[in-house]
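Read the structure below first, then the notes.
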Amino acid sequence: MPAGLYRALLTVAGAAVAIVLAVVISSVAISAAGASPLDAFAALFNFGETERQVVNGITTMVNRSVPLFIAGLAVAVGFRMNLFNIGVEGQYRLAAICAAWVGAQFTAPPLIQILVIIVVAAAVGGLYALIPAVMKVTRGVNEVIATIMLNYIAINLAAFLVRGPFTGERAAGQLTTSTPQIPESGWFPNLNWIFEMFGMPAPRGGGLWGFLLVAVLLGVGLWLLLERTRFGFDVKASGLNASAALASGVKPKKMVISAMVLSGAIAGLIGLPEILGDKHSFGSNFTPGLGFLGIAVALLGRNKPGGIAIAALLFGFLDRAQGPLQFADVPPSVITIMQGTIVLLVVIANEVTRRIALRREERRAARHLGANTPVEVTA
Amino acid sequence: GSGNGGDTSASTASSGGTSSEASKSGLKVGLAFDVGGRGDKSFNDAAYAGLEKAKSELKADIKELSPAADGSNRGELLRQLADAGYNPIIGVGFAYGEDIKKAAEEYPDIQFAVVDSASNAPNVTGLLFAEEQGSYLAGVAAATKAKSGHVGFVGGVENDLIKKFEAGFVAGVKSVKADAKIDVKYLTPDGDFSGFKAPDKGKVAAEKMFQDGAEIVYHAAGDSGLGVFQAAAAAGKKAIGVDSDQRQTVKEADLQSVIMTSMLKRVDVAVFEFVKAFQGGAKGGSNTVYDLKVDGVGLSTTGGEIDDIKDKLDAAKKDIVDGKITVPAKP
Amino acid sequence: MTRVGKYHLALIGAAVLILMLSLVRTLSGQNDITSSGTFSAALLLAVPIGLAGLGGLWAERAGVTNIGLEGMMVLGTWFAGWAGYQWGFMAALVAGLVAGAVGGLLHAVATVSFGVDHIISGVAINLLGPGITRFLSEVLYKEGTGAAARGAGITTSPALSSQAPEVSLPLLSTGPDWLGSLENTHVFLLSDVAGILRGLTHEVNILVILAVLMLPLTFFVLWHTAFGLRLRSAGENPWAAESLGVNVYLIKYVAVVISGAFAGLGGVFLVFVSTKYVEGQTAGRGFIGLAAMIFGNWRPGGLAAGAALFGYADGLQLRSSGAVTSFFLFGALLLVLYVAARLRGMLAPGRPAELAARTAKDYTTLAASAVGAAILVWLWLTVDKLPNEFVFITPHVLTLLVLLVASQRLRMPTADGVRYRRGEQH
Amino acid sequence: MSSDTLAAARPAVELEGITKRFPGVVANRDIRITVEPGTVHAIVGENGAGKSTLMKILYGMQRPDEGTIRVNGEAVSFRTPSDAIAVGIGMVHQHFMLADNFTVLENIVLGAEPKKAGRLDFEAARARIRELGGSHGLHVDPDRLVEDLGVGDRQRVEILKVLYRGARILILDEPTAVLVPQEVEELFDNLRRLKADGLTVIFISHKLDEVLSIADAITVIRRGTTVASVNPQDVTARQLAELMVGSELPTPETRESTVTEHVALSVSHLTIEADGHRPLPKGVDLPAYVDKLRSEGRRLLLDDVSFEIHRGEILGIAGVEGNGQSELIEAIMGTRPSLGRVELDGADISAWSTLKRRESGIGYIPEDRHRQGLLLEASLWENRVLGHQTRPPAGPGFWLRRRAAKADTRRIVEEYDVRTPSVETLALALSGGNQQKLIVGREMSGEPTFLIAAHPTRGVDVGAQAAIWDHLRNARAAGLAVLLISADLDELIGLSDTLHVMYRGRLVAKLDPSDVTPQRLGGYMTGAITGAEEK
Ligand SMILES: Nc1ncnc2c1ncn2[C@@H]1O[C@H](COP(=O)(O)OP(=O)(O)OP(=O)(O)O)[C@@H](O)[C@H]1O
Ligand SMILES: Nc1ncnc2c1ncn2[C@@H]1O[C@H](COP(=O)(O)OP(=O)(O)OP(=O)(O)O)[C@@H](O)[C@H]1O
Ligand SMILES: [Mg+2]
Ligand SMILES: [Mg+2]
């Protein structure tokens, strides 16, 4: 069996075992809560009776996955280089509010309007990530603390902006504050036609967010960039062995800055699916915490775009069940427990399978070498 | 896919779901909580109390859902309730404003209500509270009781809802003593809801006010209010609770005694009245304001500490109800 | 530098700091800068951060990065609340400690036995902590349970059935309260010292005393006992330790479990302050604790300084937004001092002339510092109230600034975060 | 065999039938060794013969699959090193096992700490270390940080660690690899004293003359098994070598000179300050500035280094590790800022980036292949690309040309005899020698005009060593200029056309490799002989 295939099969097997274990553990918890695990798992997979409910369920799941996927990508770019960008949280919030505000300041043909919003978001996210990057390369400040601090600062800054300079008009009696509404030309068209193509009803709400396409493109682009280009090679080299990368002509400072800025720029897009597809503004109850979840998603996906997509869908799948579980009288926090155990068990499984694969490879190499097989010696 | 491709209009969706198991009255009420969820001993639980009353008195079938910790699925919960055949559906908390509007457009045959936010669609009822009016009375009580004329206000999160409390309170205090000193402190900025969950910070903020000479501190800070009560107890001063009658809901005896009164916000009444009106055939598109006039807000009297100034409070209330005083909703 | 030298330097530093605070207070009239209230609030807010930081210290000195402190702290708060409402504060302390330790154990199993990346395992624990506690609340505190009747809800436990005692220094900070009287005279320096001392000795929770004692204890154990030497060796060169018969796995297990216990203790303290478990009350303190530890160069003393900085800044902004603006003045003073010191160095006789080129950069720094000082003074004079959002971030901005200045002197344990396997040398 | 001699001296260590298998490798097979007490017993064998594995088994770090161990006549079974320590065995490892950020004292007492009232008794430890140092001639200040120590001192700390535990049986795994001859002599004096005190020493080395001068008995291991036990009086180095490898030892001899007139690399006044780089003040002459720095008492890692290398020339630099060789490489590679001028083929490259330097024809075989030369967890073809990202086969351009890179890697595997299943294999699966061959192949493929070869055959077995020497010689004949840095003095003397000695950051002597002995070279390297000796 080729080494690559063997490794892939092992990974899948490991993940499967981990998920089964996580199911067992959560079943115990559900039983302890006095509910039936069977009901709970039925609720997980029950997307509803009517077609529309099914479509809504799928849409909820995918819509949840899209920002998580982007967040995972953002974290993974840094991780590839052993850069821990814990600041995705702050970067996306600041980027989201700035993009939402800029997008509401003018009206242009849809393509241009949306493009401008995306560019602003990426630029703000990237610039905000530039701060810890510069601090790291010039003053050696550990990026973990710097980004933790900058998260708090970003959250407060966003709060200041949304209530102050960037605040929009409000209907009487409305208590949420938000930036002005983005004109319709800045709304990302939804993908409801996909459902209609299969003769199914369109989902409710903002529909299937069109930003999904951007996310897919982003994933593919990032994969190409990381796996197929010189830049990707330099990132990988810096992550695997910084001093070897240095000796081979990779500039570590430049790499730290570009990886961090790239990570921040991607992070800047996390809020856009929601803003362009549904809310059309940044408000005080904008979804928080996606940056932190992105860390878990990236880890689960082993920092590879394909894996991150699967991990994001898994998280989306589980999160969708928050409501259905309550209909089945199961405490919805079971979802968080499942997510946590899956992450922990999958990384343990990854580690174990990685070691098995390495052992096998070493054995193959050794066999090929044939050096240390004992020889008959006459002393 | 199935051949049922014609089923794309939003109006037919509400007929799906569980119509077969309707209750005796046929009334199925759905309610979606704000972050924190049922059992928070405060806002959400008050809403639930109203819902339970509807269950027992109006024989309603009820279903209540809590959102995820980040509140990202509020809209989903509304849709899931609608798809399951619930009507009416209530969203608890101003954060539901936008989501209710969208859901209402998608399900025009279902009646919605939203607590703390205005109606924004023909089938949405806004259940609003005149927190500023209740807070005005709290301000009057505080200023009257505080001989030095020094009082304080601790807000959990600096958002517009909490600012209504501040505005009313300040106006009430000033109406009694124009030169009163009012310390105001918020624990966290808008968007960072940890300010409702930080008793230690509430304690520090209130402690400072008491040390500076404040005699009574009013809080609108959720669980952080606990810290305010502790600071009051330590300083031998008084505090004013919020939302429910905290002298009853707070179980610690030493803290109960510092709660001079609480500004009541009768979410339970609003929820129950809404369901009842729905049963009576009422349609949305307007707001119901729960103010002093309908006793939607007010002061609690447990402990009898404000009994002696009842006249003064009643007078102020009458002025407001009569429109002689207009309480500002913004500081 | 000898140990004595460092110790003296720290004392001198503290004295200079107090002097400057006193100066700023007198100039600005913001008494809260050194009031006992501010310092007691600072202590209150610093202790959980410091305990989390100690947790980080124990783990990282043994070579295990612990970003899961937050999750362990959350476990600590929940179990402290749960045990405390039934059996009182001692039970709360034990339960929170054990819960945190169990979180640490989980981290140890993943990182030490299975060799999982430390950050990954920590992130998973941060996800699990809140999930588990919310779930437990949903199950044990739901309506109809005894706990609910005693005031529990989905987000809170019932109040502790007994409170941890608080103590004060007799005469000085209670009763006749001499320090308090002295503080209220607002005399330059004297009142400031009195305020600080009183703040740190008035009605102090015994857990605070315990927590503060943990600092020298940690120092003693890690740097003056055989066990500590072995523990640190696991963080510096586990292979060397292994070759000398040290059971590195065991050491790491012990260290990470202790680390979790400290995080749990931080949670217990939060519960003691609020007298009950409140969901979300940790509010990222695990992360801040980690930051304080890095800030403190992986040493108990430095960590204490980091936690104190956070506690002080947070306490000050909670008590007085006005006092925060005075720190513009503080900054200006610092810059002026810096400029003076540099000028003195440059004008010192006997400076070799060919170093002139190097001073070109110096002049820019000097000019920038002077301009900075002027801007700060101007800000202090003109801004009388910062928007609250800017006040809230004071501690975080301060930490960033200090790191910018000092982070090049940090040295983390050499094998920190390294996946160690027995018998596999690097 | 008389019974009273047996009773008088039971063997200190007896190994019988020891077998140890690793996945795919039998590291030890049916090993039999008897070590008499109070002797120095040498174990020799080529790289990968299984010496270290055997010693780790004896020290409890690894468990044998088969076989028995007897210490002082008692059968033992070790689970961890502490078990071995308990019966009086101590081991000095092939690679230093020291925590750099700890003091000497902390490193020594770790695991066997003296305690007083619950605390670590530093005073007692200090006293005992001084006493041990005094009685065995191993003087190190117990309160210094290990990171500030040179290799010789570190070696002494390692031995003190073992003695501190009261070991009566010492295992020294290649202790001389990093030492210069003078230090080796000192070490041997120490060992003789230990022997006189009744201790038993097991000594591992590749260097046969050393072995012959110190050992009382010699065991030869080949391909994991004992092939002979000999008496040093009865064998010559040549015979020993033949036992080890089954053939005659190769020598790194360069035949006729190929040095041309054309200067490939010229380095002038290269200087690096120890405490951070500061640019040269404008209008100041560099040599004068360096004089100034010296007179101010600043520590210089590189102190006014100048030399030229011609095409077809190998310039060797001898020196004890830590005397500026690494800094010299870093300055030439541009990975560390420095003062002074570096010219490649007449072009001033001092301000160029590392990448540009590599692109313009500098090849680099790094001193530590794991740290600077390889991505261990990446495939061989990716390692082929490392350092050549912008050049064929993978470059130039934005996209990486994977297919071409793989094809070229296959070529290297073929030409340089890299033993590997495929080019997709991860680098860490390869043995050290094969990793080194890959690196040499990679660097030669970049068609360099100038090559830095730092310890090119370190830790490589004899076969691979000879192959690498051949490659260097061939490239030299084709006009390559080589800067050779090595700790192996035979390699240096054999390969170099010109030989410089580096001491404390300065080039202190220029010697003629054809008439210098390792002893004299060692004298310059340790500063024992001063004054440049121009050829
Ligand atoms: N932990 C291990 N896992 C797998 N193989 C190993 C391990 N340790 C050693 N080997 C293999 O066992 C063989 C013997 O290695 P060992 O280190 O004992 O050789 P050595 O004689 O000490 O060589 P050198 O002179 O290079 O030090 C080598 O082929 C090596 O690759
Ligand atoms: N000049 C180029 N322009 C655009 N894309 C390119 C270019 N060069 C390479 N690529 C992209 O990079 C990918 C890899 O290139 P290449 O064909 O050289 O690798 P490979 O050896 O085939 O890799 P593998 O064996 O993994 O398929 C190609 O599939 C192609 O999409
Ligand atoms: Mg060896
Ligand atoms: Mg191809």
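The sequence lines fix the lettering, A, B, ..., with proteins before strands; numbering per chain opens at 1.
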Please examine the side chains of [Y] and [X], heavy atoms only from C-beta on, and report whether any two atoms are closer than 4.5 Å.
X	Y	result
B:Lys197	C:Thr155	no
B:Gln211	C:Arg319	yes
B:Pro199	C:Val278	yes
B:Lys208	C:Leu318	no

Part of [X] within contact of chain C (heavy atom distance under 4.5 Å):
X	answer
B:Ala198	neither
B:Thr188	backbone
B:Lys201	both
B:Tyr48	side chain
B:Leu255	neither

Contact class of [X] relative to chain B, heavy atoms under 4.5 angstrom:
X	value
C:Thr38	neither
C:Gln317	both
C:Leu270	side chain
C:Arg134	side chain
C:Ala42	neither
C:Ala283	side chain

Enclosure of B:Lys55 NZ (heavy-atom neighbours >12, cutoff 6.0 Å):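 12 or below, so no.
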Pick from C:Ala152, C:Ser320, C:Gly315 with the largest number of heavy-atom pairs that fall under 4.5 Å of chain B: C:Ala152
For C:Val273 against B:Gln230, the heavy-atom pair lying closest together: O-OE1, 2.9 Å
Heavy-atom pair of closest approach, residues B:Asp200 and C:Arg285: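 Shortest heavy-atom contact: OD2-NH2, 2.7 Å.
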Main-chain N/O of C:Gly37 paired with B:Glu207 side-chain donor or acceptor, under 3.5 Å: no
Gap separating the CD atom of C:Gln281 from the OG atom of B:Ser224, nearest 0.5 angstrom: 10.0 Å
Gap separating the NZ atom of C:Lys276 from the CG atom of B:Asp223, nearest 0.5 angstrom: 7.0 Å
Working for side chain to side chain contact (heavy atoms under 4.5 Å, CB included), residues C:Gln163 and B:Glu252: CA-CA 11 Å; C:Gln163 308 291 328; B:Glu252 296 98 308; 5.5 Å; no
When B:Val250, B:Leu187, B:Thr249 are compared by non-hydrogen pairs under 4.5 Å with chain C, the top option: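 Ranked by heavy-atom pairs under 4.5 Å with chain C, first place is B:Leu187.
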